[in-house]
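Convention: sequence-line order gives letters A, B, ...; per-chain numbering from 1. Keep in mind that this is a model prediction, so the values were computed, not measured.
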Number of protein chains: 2
Amino acid sequence: MGNARTRRRRPRRKSAVGEELRYFALGGLGEIGKNMHVLEYGEDLLVIDAGLKFPDEEMLGIDFVIPDVTYLENNKHRIRGLILTHGHEDHIGALPFVLPKLGCPVYGTKLTLGMVEHKLEEALPAFDADLREVRAEDEITLGCFTVRFISVCHSIPDGVGLAVETPLGTVVHTGDFKLDPTPIDGRLTDYNAFAELGKKGVLLLLSDSTNVERAGFTPSERVVGKTLDNIFRLYKTRRIIMASFASNLHRVQQSIDTAIRFNRRIALLGRSMINNVELARKLGYITAPDEVFLPLQEVDSHPANRVAVLTTGSQGEPFSGLVLMSKGEHRFLSLGAKDLVVVNATPIPGNEKLVSSTINRLFACGCEVIYEQDKEVHVSGHAAREELKLMLSMVRPKYFVPVHGEFRHQVRHAQLAEEMGVLGKNVFVLHVGDVLRIAPDKAQVRDTVPSGAILVDGIALGEMEGSLLKERRELAEEGVLAVSLVVDRDFRVKAGPTVESQGCVHFRDARELYRQIEGAVLAATEAAAKKKERSLEDIAQGIRSRVRGVMKGYVRSAPVVVPLVTLLEE
Amino acid sequence: MGNARTRRRRPRRKSAVGEELRYFALGGLGEIGKNMHVLEYGEDLLVIDAGLKFPDEEMLGIDFVIPDVTYLENNKHRIRGLILTHGHEDHIGALPFVLPKLGCPVYGTKLTLGMVEHKLEEALPAFDADLREVRAEDEITLGCFTVRFISVCHSIPDGVGLAVETPLGTVVHTGDFKLDPTPIDGRLTDYNAFAELGKKGVLLLLSDSTNVERAGFTPSERVVGKTLDNIFRLYKTRRIIMASFASNLHRVQQSIDTAIRFNRRIALLGRSMINNVELARKLGYITAPDEVFLPLQEVDSHPANRVAVLTTGSQGEPFSGLVLMSKGEHRFLSLGAKDLVVVNATPIPGNEKLVSSTINRLFACGCEVIYEQDKEVHVSGHAAREELKLMLSMVRPKYFVPVHGEFRHQVRHAQLAEEMGVLGKNVFVLHVGDVLRIAPDKAQVRDTVPSGAILVDGIALGEMEGSLLKERRELAEEGVLAVSLVVDRDFRVKAGPTVESQGCVHFRDARELYRQIEGAVLAATEAAAKKKERSLEDIAQGIRSRVRGVMKGYVRSAPVVVPLVTLLEE
């Protein structure tokens, strides 16, 4: 464990009385997604990652969710840099929204920045970002912080963890990691670096909690290669279609290698698959000769046993290659009994139904399908329980904050840390916005910074109010009834009511109901007319409540009533 | 395998030329839910089960889904009986809707009919159903069919499979089953009966496909009892709250037994838990002395280590006991560090997020929580792969139709049957409504009967149109904009436009947008005024398209526009 000696290895003068290190997250706690962490000391502020999250079903019409960065905007002048751990959307996806507001330099490895560049070009073609490439083992100084980049294995190449030297001690952030002993690119998680840091003494560890519920070790990515080999051997005569995450370039490389070994050409399907492979080949993360690739238009006419297709859609995304094929709606490719589809992924929580119905449709096309339940076609990119224990025992932190997980993962990871010897009072299960304040002699959770989820509905609209979402939910559940009415200054009805509905009872079939609504509207108007101070809003209110009353007699719960009362000037 | 000899063991005269046995499903194929099977021969028709299904997320505001029974209504006079295999909602839930239309007698075991009676009383207090109790091993004759009931184990007591003797041979329907060798009530799946049928020769087997993707055997329900025992031993000082399916009475019995053994009293929480335990105790399916039960109001004041709570909510159902507690909204019970919550279930596909957020909230209450990932707190009620193989090898059918599964389960089960020796051409993966026609010498899928999903939105509204659902989805995604306008006979604007929105941009913040909408409305009106034949609908159409055009400049996709054009009579 970190103890008093190691914790104070920095001269006291650097941590003047009252000076403290502050850590908080703006996203990535209590959720898997929109990761964003902040370290502050004195006038210096460091941001780690800027991710997005995909919306829950009940977030109707929302494209994605990003962290609220109000605090960072208000402290813009103090930000010394934004550091990226890897190129997944939940770590870089908020950049197009956040970066223009912060305007700070961005640090990341080559592949990560390659993906960021592409993303920014698409979303903000005119924006000139300050991207600075780093490599594992590099060390950079940002204000009072010295950041060292540590290579880690994950389901995308070129991932890093961080060791941030602060005036109070070292903060280690694992990034998203696993301890794959046989990674495809030979780039191991740098055990030595973590162990050495542990030996010197680590003040605070932030560690990936995603797979804390899984016992044992996460298998090596290489396992999937072996599975693919077996599949290609077994299904010699079939055309083979493989769906996987486009960002899992190691898996893409393995798929390509296997195809080549079995003398098949490769077609790429899906915008992100094509883009990522192009980028990865350009930057040297994927090796494959040009002639192995087959244009998509030629696939259907190529011999089935001489082609393999690499596609997106492993999560059942509505307009992805795999889903279009499963619906028989793809322009170039149609599936049938000659095909084998391999789904190289497990459903991300929330996507189960999408994936499941895609697989059902694939079977209905007559294909054979190999998927989740058939095992070893996918391995996770996150460390399982035993790996997390190893990380804890290498780093031996004084303080521990489990990150990158839902609340239950954080709790389980906290329990694990205590089992591994971290003092219970030094383990913090935090919520987004909670500030962990670390002084030379103690740490406590005090204060919060503004935080929350910003819902993004398309890029043009920008940020979405929560109240709108509530309204959409009501509309979705019950439909809407619009009632228009024209009155004169004396609140005499001059025209209407006119009634239109969407998503509830159809009025052409319900004359009697229409008559009752008309009665309710007239009654509301009369009641409003009797008041001393007349107001159109009174009529509207009356219509809302009386019409809802009428509707409740017809349907279990009444629709949203939208009254439009117009004053006729004479 | 069934062969020519056994298949024709009935005298030929009974199956006159042209006579055939017809089998089809109105629900339960390509889905897990709304099970309903039909057998027809000559003038006789037999219905098996009448279940409901819970809606998908995109079925906004829908309470549940039932089978389309048009075919049965049209052939009402030919129905000889409706047979129930067990009391789960996906087998009996559609009865309140379907039974009044069919008016036939209903056959089921004691517990099943007890649950049906309760359901019908609640939904249709005035309806007088003809319920006829049967027991396993009973044989009843319904037209040309003789039905034998065969005891099977499942996650609800008193389940049965069926052997239906028809003029062309025996049809075996497994019902929902597992081969639990040590069931809580000692009532085994009747292997002998199935094996004997197989020996005599079975024409057609319909078998439960739910767990075909799971290797091995489904563990005995007794395993959960052992786990509960260990948990009670380990968490001596805590209050223990157990959430499970209210219909899994064996598990309820085991929970009660364990509580008694550890000298705790039991409180029941949740309407269905209370109702089911009451019914089960009345009918003798649960044994427990009165004095062991503790009124809910007294739980919070009772010593934590002397009480156990049995609650609903294991699927994260929004108003269930467990969910209310997790939100701190329960009237009598508040959770904290003294509590252990055991979730004795795995999420049903589609409920993953609800369950997951409930568990996160429970952790946030400070409880310890034992759930899915901790293993052996739940076992399935459905046979796994090896059990399905055993069933196939006992029954040795000539024809095989996998039922009770999504399409992929049906395909996998069909593959399994072929591996077990059923001829490929005799295995049928059917869709709902497909008719399997079995003649003495061959079987083929020909014709379909009307079939489909009827969406039910509350009992009062009855059946829901698909078009309404489409409207709701649009409202949900984009919101709504209602525009009212008053014109005179010459299409001169007399008042308005008045604009109200729900779930899209708020107009109080968007004067410029309002001005543009006003312009679009006036332009639409002018355009309509210029036409030779004036129609208010022209104005409405113009408003719809022009206002959507304006909105598209502001949001990525335009809201639903509802125009209300009123003619001012002078």
Seminar exercise, completed: Whatever's closer than 4.5 Å to a heavy atom in chain B on A:E352 counts as side chain
Problem set entry | Contacting region of A:V483 [heavy-atom separation from chain B under 4.5 Å] | backbone
For this session: Compute whether any side-chain donor of one residue and acceptor of the other, for B:T498 and A:T566, lie under 3.5 angstrom apart.
Result: yes
Exercise. Side chains of B:Q410 and A:F363: does their closest heavy-atom pair fall under 4.5 Å?
Worked result: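 Result no, sub-4.5 Å side-chain heavy-atom pair not found.
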Exercise. What's the spacing between B:E213 CD and B:E406 CD if we round to 0.5 Å?
Worked result: 8.0 Å
Problem set entry | Value rounded to 0.5 Å, distance of CG in A:D434 from CG in A:L29 |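 Rounded to the nearest 0.5 Å, the CG-CG separation comes to 8.0 Å.
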Exercise. Which one, A:L475, A:V562, A:V486, A:L564, leads in non-hydrogen pairs under 4.5 Å with chain B?
Worked result: A:L564
Identify which part of [X] has an atom lying under 4.5 Å from any heavy atom of chain A, answering side chain, backbone, both or neither.
X: B:V480; answer: both
X: B:L485; answer: neither
X: B:Q415; answer: side chain
X: B:S356; answer: both
X: B:P497; answer: neither

Seminar exercise, completed: Contacts of A:Q541 meeting side chain to side chain donor-acceptor pair (under 3.5 Å) (sequence neighbours excluded), chain-then-number -> A:R544
Exercise. Which class fits the ring pair A:F407 and A:H431: parallel under 30°, tilted 30 to 60°, perpendicular over 60°?
Worked result: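 Rings of A:F407 and A:H431: parallel, as their planes differ by under 30°.
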